[in-house]
Amino acid sequence: MAIERKNILELRGNPRDQAIDETMRTWQTRWNNSQKGRWTHSLIGDLRAWVNKKHGSINFHLTQALSGHGCFAEYLHRFGKLNSPECWYCSYPNDDAMQTIFNCDAWYSIRNETEVTLGIRLSPENMITCMLSSKMNWTRIDNMIHTILSNNSNDWDNEAIVLSQGFINLLDSRQTYFLLIVFSKIFSLTNILYEVLQTKRLDILYCVKKIEETKCQLQNYRLNLFEKLWETVLSDKGDFELQHKIRDPKTFYKATPLHKYSNYTNEFPNSALENLQKSNFGEIFDFIRLRNELIVLYKSEGFLNTNSYDLVKKIKMNDLISAFQEVFKLGQLILTISSTTAPVERSFSELKQIKSYQRSTQGQERLSSLSLISIEKELLHKEKNYLEFYDKVITEFLKQ
């Protein structure tokens, strides 16, 4: 600043602007050639644009983001505050400002929401330019940084860090994977059994029978599934990453004939379930629960040799909708799907007889009513056997 003032006094004409330009060029050259503050330089490469900004102010968290000095594991590790520079959330080996603000998966949703609003993919090269472009953009990015750094707390003591690391190691162990799979299989059976036992309309003998079926199924799991699974877990075969795999109702109809349930006891129709999940009806089902309910259903003697209509009827009459909620929903869906196009063809045939050349001027409402009467004429003939039918027709006619 002293050199700038000296130049102003020595120059003639418009000395102030010339002196400021000379000072900015000098600063820019020193800034580009310096070996310090390289993270800040990657953000603020153009000093003139930063100095001449018209909006925005620096706060606590924004200072940490611009300087790289703050609640970052790499920075705290450098001064002996942490034992490791590794990111606590994604295990990245060097948790600096770049990793935390732009790359860490823990803050993906916050970062993605801001980027969608701004319409650009944020990076160290364009973040400051975007902030300087408008006051609104400055506020949005400032709020994103505040949210990330205020939640990226490094105030945990060493004991909490050790305990959390031990918990992570427990979750990563093969034994944990095995227990999670075992409990998921057990709970899939016991949850449905609980719903059945809570149904007041069922008699004691039926409930005892369901308990025995569940016990047999669990024993079968223990002998044929759990022991083999444990041997596989102890070996180096397979990938034990926990994940839920996301997989035409007409195709899934292959899984519904109950006379084939005995075939599905040992081999579940996975392909049929995947086809249902890929169809337009996939969003209306809880497929984890549907699979569990079908497994129980396939092993239940009370539902053998029962078609889809009787299945839905039996579930409803025995007040088992809460126990087999997804199966009941699937049964209703199957019953509404036409197995052939004959009813549709018959309807068009009836319509052709009604809307002839002599009756081409009739309105839509009259055409729909006559079509309905003609298509459902069997039901109409049955109604004619009741005397009150004519009274209802006359009453409706008088209302017109």
Side-chain angles (χ1 to χ4, degrees), residues 24 27-28 31-32 34-165 167-168 171:
M24 291 303 303
W27 281 359
Q28 187 67 57
W31 182 234
N32 293 338
S34 175
Q35 299 301 318
K36 299 181 179 180
R38 292 302 83 191
W39 166 248
T40 307
H41 182 273
S42 66
L43 297 172
I44 309 175
D46 185 2
L47 288 178
R48 187 182 296 273
W50 179 259
V51 172
N52 295 331
K53 62 185 177 66
K54 304 298 183 182
H55 55 262
S57 59
I58 306 300
N59 52 48
F60 175 70
H61 290 109
L62 191 55
T63 300
Q64 295 187 52
L66 296 178
S67 64
H69 300 169
C71 56
F72 308 109
E74 184 273 337
Y75 177 77
L76 296 175
H77 173 69
R78 195 192 316 168
F79 294 97
K81 299 296 184 181
L82 290 179
N83 295 327
S84 171
E86 185 179 278
C87 178
W88 294 0
Y89 299 97
C90 63
S91 299
Y92 187 77
N94 191 31
D95 179 36
D96 54 10
M98 173 71 180
Q99 166 64 19
T100 299
I101 298 173
F102 295 100
N103 297 325
C104 185
D105 293 337
W107 319 116
Y108 170 79
S109 59
I110 300 172
R111 188 166 53 246
N112 183 66
E113 181 180 352
T114 305
E115 290 175 343
V116 170
T117 305
L118 296 173
I120 63 170
R121 178 69 180 271
L122 289 176
S123 66
E125 291 75 20
N126 64 14
M127 187 181 77
I128 296 300
T129 302
C130 182
M131 294 176 70
L132 297 179
S133 63
S134 70
K135 187 176 181 179
M136 183 63 70
N137 288 352
W138 179 289
T139 303
R140 287 168 177 165
I141 296 178
D142 182 35
N143 290 338
M144 179 194 75
I145 292 175
H146 171 77
T147 303
I148 292 175
L149 298 188
S150 61
N151 287 286
N152 188 38
S153 175
N154 288 283
D155 297 334
W156 296 4
D157 54 26
N158 291 332
E159 182 180 0
I161 296 174
V162 172
L163 292 175
S164 62
Q165 187 61 48
F167 183 67
I168 292 175
L171 293 178

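Hydrogens, waters and symmetry mates play no part in the numbers below; they use all other heavy atoms, side chains included.
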Exercise: identify the closest heavy-atom pair between His41 and Asn32: NE2-OD1, 3.0 Å
Separation between NZ of Lys36 and CH2 of Trp31, rounded to the nearest 0.5 Å: 11.5 Å
Glu125 side, atom CD; Cys130 side, atom SG - distance, nearest 0.5 Å: 13.5 Å
ring-ring contact (aromatic ring centres under 6.0 Å, His included) partners of Phe79, counting only residues at least two apart: Tyr75
Check: Met144 and Ile101 side chains under 4.5 Å, non-hydrogen atoms: yes
From CA spacing to verdict: side chain to side chain contact (heavy atoms under 4.5 Å, CB included), Met127, Ile145: CA-CA 11 Å; Met127 187 181 77; Ile145 292 175; 4.2 Å; yes
Atom pair CD (Gln64) and CG (Asn59), whose distance is rounded to the nearest 0.5 Å: 9.5 Å
Contacts of type side chain to side chain donor-acceptor pair (under 3.5 Å), residue Gln35, not counting sequence neighbours: none
Residues in side chain to side chain contact (heavy atoms under 4.5 Å, CB included) contact with Asn94, at least two apart in sequence or another chain: Glu74, Pro85, Tyr92, Asp96
Derivation of the side chain to side chain contact (heavy atoms under 4.5 Å, CB included) call for Thr114 and Asn143: CA-CA 9 Å; Thr114 305; Asn143 290 338; over 6 Å; no
Listed partners of Arg121 passing side chain to side chain contact (heavy atoms under 4.5 Å, CB included), at least two apart: Glu115
Student check: side-chain heavy atoms of Met131 and Leu62 closer than 4.5 Å: yes
Donor-acceptor contact below 3.5 Å, side chain Asn126 vs main chain Leu122: no
Closest heavy-atom pair and its distance - Ala65, Leu149: N-CD1, 4.1 Å
Heavy-atom donor-acceptor pair, Arg111 side chain to Cys104 backbone, under 3.5 Å: yes
Counterpart residues, side chain to side chain contact (heavy atoms under 4.5 Å, CB included), relative to Glu113 (two or more places apart): none
Main-chain N/O of Trp39 paired to Ser42 side chain as donor or acceptor, under 3.5 Å: yes
Of all pairs that satisfy salt bridge (Lys or Arg N to Asp or Glu O under 4.0 Å), the ones with a partner from residues 132-143, not counting sequence neighbours: none
Residues that Ser84 engages under side chain to side chain donor-acceptor pair (under 3.5 Å), provided they are two or more places apart: none
Non-neighbouring partners of Thr129 that pass side chain to side chain contact (heavy atoms under 4.5 Å, CB included), sequence neighbours left out: none
Gap between atom CH2 of Trp27 and atom OG of Ser34 - 0.5 Å precision: 14.5 Å
Minimum-distance pair of heavy atoms, taken over all atoms of Ala97 and Gly68: CB-CA, 4.0 Å
Heavy-atom pair of closest approach, residues Phe72 and Asp95: CB-O, 3.5 Å
Spatial distance of atom CE (Met24) from atom CG (Leu47) [nearest 0.5 Å]: 5.5 Å
Residues forming a side chain to side chain donor-acceptor pair (under 3.5 Å) with His146, sequence neighbours excluded: His61
Spacing of Asn103 atom CG and Tyr108 atom OH [to the nearest 0.5 Å]: 12.5 Å
Minimum heavy-atom distance Leu66-Trp50, with the two atoms named: CD1-CH2, 4.0 Å
Shortest non-hydrogen contact from Trp107 toward Thr100: CD1-O, 3.3 Å
Those residues that, when tested against His55, pass side chain to side chain donor-acceptor pair (under 3.5 Å) (two or more places apart): none
Pairs satisfying salt bridge (Lys or Arg N to Asp or Glu O under 4.0 Å), at least one member in residues 45-60, at least two apart: Asp21-Arg48
